[in-house]
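Everything below concerns the one structure shown next.
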Amino acid sequence: MAQGYLKIELKTAQNALPVGQTELTVLDSDGNIVFDEFIDENYSGSSSLISLEAPEKELSLSPDYTGVPYSVYNLIIANELYFDVNIMGIQIFADETAIQPVVLAPIPAGSTFTSLEFSIPPHQLLSSRDIPGGVYTRPPQKSGTAPNILGEVFIPSTITVHLGRPDRDADNVTVSFKDYIKNVASSEIYPTWPENSLRANILAQISLVLNRVYTEWYRGRGYPFDITNSTAFDQYFVFGRNIFESVSKITDEIFNVYLRKPGRLEPYYAEYCNGTTVSCPGMSQWGTVSLAQQGFSPLSILEYYYGELDLITTNDIRGVTGSYPGYPIARGSSGENVRTIQNQLNRIAINYPSIPYVFPDGVFGSGTEQAVRRFQEIFDLDPDGIVGKSTWYQISYIFVAVTKLAELTSEGQRPLYNDFEYPGRVLKRGTVGTDVQELQFYLTNLALFYPTIPEVSIDGRFGQGTENAVRGFQKTFDLNPDGEVGEITWEAVTTAYKAILDNVDVPKETPALREYPGNLIRRGSQGSDVLYIQNLLNEVGEVFGAIPALTEDGIFGGGTFNAVTAFQRIFGLTADGIVGRDTWNKLNYIYSVVASGCIYNNNASVNLMPYPGYIISQGAQGANVSYIQRTLNGIRNVIAPIPFLSVDGIFGSGTANAVRAFQSVFGLSADGAVGRDTWSQLNYMYSAVASGCLSQYNNVI
């Protein structure tokens, strides 16, 4: 048989965090284990590329083949902090990479179940659409309602999908717009098809859902969703299924492009069917394969079926922090777009510490390129170090996710509530007050981890949106979905929220770095700039113990002078106790590194030696001494007071002095001997320097 490939991507909180150590087990259709791997707790959350047997590719290119042109595998995911996940029916095609995204949710205390089950049904091309593209059937209109028309076409950040016919009781799930399109395309067409065929189909799928959003087809009738997954009405969406790399890459490129008829405003309702078991007036999916093989472009394929069309690109993408400038940003670029990317990557790096920090100077140098490459590796983009359209928007989406998570878990953002205590009354439609506000806070936080719970506004008013969120929560946790919050639902909500606090380690957010104010700050200075310096020095001093702790009073006195001087000595600056441009920028950079936690994030790519179990001091010789000397030489590239050593394996007075200098910088007992604490700190700092977490060359000008 041929070979296909599988990559498993584990994320939580809308991609805001990696998930820690997890066991992945892949089984074939007979139940035999074909792959078993632990993802390291400091890794990004993606498995290695798993090679699996699959039928020959040609079978998936023939509309006459009546068999199944892919292999089926099952996946078991185990993580002690999250619900286990079992996924059955992962589809593997020859020469294609299947990507299995998995969203992990924390296990609440006392939960009656510990695993989530997903079963991926056979591919849609193996069955008939109920009615092609929803062309003949329309959802029942509720009394007194009518569809609305939005004033403009935009790409929504998320889509809420009803997992059934519109009039049936079923779960609603909220996913990102791009993830929705990738899922639909992977569910409805084969990833082995020619690229122009894939592009034509994906453009039709984008246009159909945007038509539903623009006309508010369901929202305008009072439904709490944007589209269904019923093929009698809309497009096929399978919650929890795998997607395909070929589909994913095309979607990242064209997700904000849609079809429009000349002279019209709305996205074209591009009906389609498979063209074999079902025919329709619109596009034949299998027919696009034949046309692509004849050399038709995506637009010419679409116009073959729909007549004259315009391809429209919109930069109005709700939920992102800026529109793509229209050209790639790469090594040598400069300006505000570069600074935007640098600031966003630095914030993302707090949650994903393997992304190196760069100073946000607006200059795209080697450090920025390295950070971009690492981001691309984590999120399965082409790691070319160039910020094109796909990378730009992925950075923006992840930036929004990590900042949203930080806001919800920050004690500074959270109002003072009653420590999860039940308010003593049933909360339901029409209820107002701080009890409702507290409930909304918990639900909005839970919505980050459970796609079946929609976000709500934290306004203290129990309206339709809050009721929908409550129903979503109740269905998710097997409670009576009455949309009201009595004591049982309240306890379940607060227990689920506390599981997030217990199981999810949200990194501390770095305050926005301030640019150099343009004037020297010295003894006698007062105000916010001095307070900012004191705050950063105190944070940096948590790692570099030679910097004395300060009272943060905004007054530049003798204590601040001493702390500034100590900082300057450590990092090879002129030790004059004056904060000019170089000291300000270096302080910004070192503070960013410390706040990210990357210094104490062991880097598996750096070859470190474990502590030998005994103190090494003057007079010792051998490999351990050579290792100490090598690590000190590596660290001295960043830490100025450490003298250079000859790596001779002999622990003489020079090595003892270098060890003392190192110990003094980090607030250790400066005895010149390497015990367990000094050895560990050497390893941490050497790893930080070797991995690029801490660098002398950090684009600070």
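Only a predicted model underlies this, so the values are computations on that prediction, with no experimental measurement involved.
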TODO: First locate atom OG of Ser29, then atom OH of Tyr73, and finally report the distance between them rounded to the nearest 0.5 Å.
DONE: 7.5 Å
TODO: Decide if atom CD of Glu117 counts as having more than 12 heavy atoms of other residues, nucleotides or ligands within a radius under 6.0 Å.
DONE: yes
Task: Steps toward side chain to side chain contact (heavy atoms under 4.5 Å, CB included) verdict (Ile76, Leu27) - done: CA-CA 8 Å; Ile76 300 172; Leu27 304 94; 3.7 Å; yes
Open item on the list: If we ignore hydrogens and angles and just use 3.5 Å, is the side chain of Asn183 paired with the main-chain N or O of Ile243 as donor and acceptor?
Closed with: no
TODO: Verify side chain to side chain donor-acceptor pair (under 3.5 Å) between Thr444 and Glu455, making sure each step is shown before the conclusion.
DONE: CA-CA 5 Å; Thr444 297; Glu455 285 190 37; 5.5 Å; no
- [ ] Taking all heavy atoms of Leu694 and all of Met685, pick out the closest pair and write down the distance.
- [x] CD2-CE, 3.4 Å
- [ ] Without swapping roles, check the side chain of His162 against the backbone of Pro224 for a donor-acceptor pair under 3.5 Å.
- [x] no
Task: Phe462 six-ring face occupied by Lys428 cation (under 6.0 Å, within 45°) - done: no
Open item on the list: Main chain of Val85, side chain of Tyr82: is a donor-acceptor contact present, judged purely on distance under 3.5 Å?
Closed with: no
Task: Ser47 and Glu37: side chain donor to acceptor below 3.5 Å - done: no
Open item on the list: If only side-chain N and O atoms count, and only distance matters, is there a donor-acceptor pair under 3.5 Å linking Asp36 with Thr25?
Closed with: yes
- [ ] Before giving the answer on side chain to side chain contact (heavy atoms under 4.5 Å, CB included), spell out for Asn445 and Phe449 the whole-Å C-alpha distance, their side-chain angles and the decisive distance to 0.1 Å.
- [x] CA-CA 8 Å; Asn445 203 327; Phe449 297 86; 3.8 Å; yes
Open item on the list: Quick check: closest heavy atoms across Gly164 and Asn229, and the distance to 0.1 Å?
Closed with: N-OD1, 2.8 Å
Open item on the list: For Leu81, is there any backbone N or O sitting under 3.5 Å from a side-chain donor or acceptor partner on Asn503?
Closed with: yes
Task: From Leu682 atom CG to Leu608 atom CG, the distance as rounded to the nearest 0.5 Å - done: 10.5 Å
TODO: State yes or no: are the ring centers of Tyr627 and Trp679 separated by less than 6.0 Å?
DONE: yes
Open item on the list: Tell me whether Gln370 contacts the main-chain N or O of Ile355 through its side chain, where contact means a donor paired with an acceptor under 3.5 Å.
Closed with: no
TODO: Say whether Tyr180 and Gln235, considering side chains only, have a donor N or O and an acceptor N or O under 3.5 Å apart.
DONE: yes
Task: Listed partners of Asp169 passing side-chain hydrogen bond (donor to acceptor under 3.5 Å, both in side chains), at least two apart - done: Lys475
- [ ] Taking Arg318 for its side chain and Pro156 for its backbone only, find out whether a donor-acceptor pair lies under 3.5 Å.
- [x] no
Open item on the list: For Ser176 and Thr158, which I'm curious about, is there any donor-acceptor pair between the side chains at under 3.5 Å?
Closed with: no
TODO: Apply the test side chain to side chain donor-acceptor pair (under 3.5 Å) to residues Gln344 and Ser396: give CA-CA distance (whole Å), side-chain angles for both, the deciding distance (0.1 Å), then the verdict.
DONE: CA-CA 7 Å; Gln344 292 181 354; Ser396 179; 4.9 Å; no
Task: Minimal non-hydrogen separation, Ile348 against Ile395, with atom names - done: CD1-O, 3.6 Å
Open item on the list: Which heavy atom of Thr466 sits nearest to which heavy atom of Gln440, and what is that distance?
Closed with: OG1-NE2, 3.0 Å
Open item on the list: Please report the interatomic distance CD1(Ile500) to CG(Leu446), rounded to the nearest 0.5 Å.
Closed with: 4.5 Å
Open item on the list: Tell me whether the rings of Phe237 and Phe239 are parallel (<30°), tilted (30 to 60°) or perpendicular (>60°).
Closed with: parallel
Task: Residues that Glu487 engages under side-chain hydrogen bond (donor to acceptor under 3.5 Å, both in side chains), provided they are two or more places apart - done: none
- [ ] To the nearest 0.5 angstrom, please state how far the CG atom of Asp226 sits from the CD1 atom of Ile159.
- [x] 4.5 Å
Task: Side-chain donor or acceptor of Asn351 paired with backbone N/O of Pro18 under 3.5 Å - done: no
Open item on the list: Checking Thr391 against Gln376: is there a side-chain donor and acceptor pair closer than 3.5 Å?
Closed with: yes
TODO: Applying side chain to side chain contact (heavy atoms under 4.5 Å, CB included), run through Asn86 and Leu75 and close with a yes or a no.
DONE: CA-CA 6 Å; Asn86 300 328; Leu75 172 65; over 6 Å; no
TODO: Could you tell me how the ring of Tyr442 sits relative to the ring of Phe420: parallel (under 30°), tilted (30 to 60°) or perpendicular (over 60°)?
DONE: tilted
Open item on the list: Glu369: which residues meet the salt bridge (Lys or Arg N to Asp or Glu O under 4.0 Å) condition with it, sequence neighbours left out?
Closed with: Arg331, Arg373
Open item on the list: Side chains of Gln124 and Ser187: any donor to acceptor distance under 3.5 Å?
Closed with: no
Open item on the list: Using modelled atom types and a 3.5 Å cut-off, is there a donor and acceptor pairing between side-chain atoms of Glu245 and backbone atoms of Ala98?
Closed with: no
- [ ] Test Lys249 against Asp382 for salt bridge (Lys or Arg N to Asp or Glu O under 4.0 Å), laying out the working first.
- [x] CA-CA 9 Å; Lys249 288 183 175 180; Asp382 182 20; over 6 Å; no
TODO: State the OG-CG distance between Ser71 and Leu6, to the nearest 0.5 angstrom.
DONE: 12.0 Å
Task: Polar contact flag, side-chain donor to acceptor under 3.5 angstrom, Gln464-Asn468 - done: yes
Open item on the list: Measuring centre to centre across the rings, with the benzene-like ring taken for any Trp, is Phe477 within less than 6.0 Å of Tyr450?
Closed with: yes
Open item on the list: If I compare all heavy atoms of Gln100 with all of Gly240, which pair ends up nearest, and what's the gap?
Closed with: NE2-O, 2.9 Å
- [ ] Please report the closest heavy-atom contact between Gly89 and Asn74, naming both atoms and the distance.
- [x] N-OD1, 3.1 Å
- [ ] Report yes if the distance between the aromatic ring centroids of Phe244 and Tyr70 is under 6.0 Å, otherwise no.
- [x] no
TODO: Applying side chain to side chain contact (heavy atoms under 4.5 Å, CB included), run through Leu443 and Val470 and close with a yes or a no.
DONE: CA-CA 8 Å; Leu443 289 171; Val470 170; 3.9 Å; yes
Task: Stepwise ring pair (Phe, Tyr, Trp, His ring centres under 6.0 Å) test for Tyr352 and Phe375 - done: CA-CA 9 Å; Tyr352 292 88; Phe375 176 88; 8.1 Å; no
Open item on the list: With side chain to side chain donor-acceptor pair (under 3.5 Å) as the criterion, how do Thr22 and Asn79 come out once you've worked through the C-alpha distance, each side chain's angles and the decisive distance to 0.1 Å?
Closed with: CA-CA 5 Å; Thr22 307; Asn79 184 308; 2.9 Å; yes
Task: Value rounded to 0.5 Å, distance of CZ in Arg241 from OG in Ser186 - done: 5.5 Å
TODO: Using only heavy-atom distances, determine whether the side chains of Lys182 and Thr251 contain a donor-acceptor pair under 3.5 Å.
DONE: no
Open item on the list: Quick check against the 3.5 Å criterion: does Gln21 have a side-chain atom that pairs as donor or acceptor with the backbone of Phe38?
Closed with: no
Open item on the list: Walk me through whether Asp171 and Thr452 qualify under side chain to side chain donor-acceptor pair (under 3.5 Å).
Closed with: CA-CA 7 Å; Asp171 286 339; Thr452 49; over 6 Å; no
Open item on the list: Ignoring hydrogens and geometry beyond distance, is a side-chain donor-acceptor pair present between Asp252 and Gln394 at under 3.5 Å?
Closed with: no
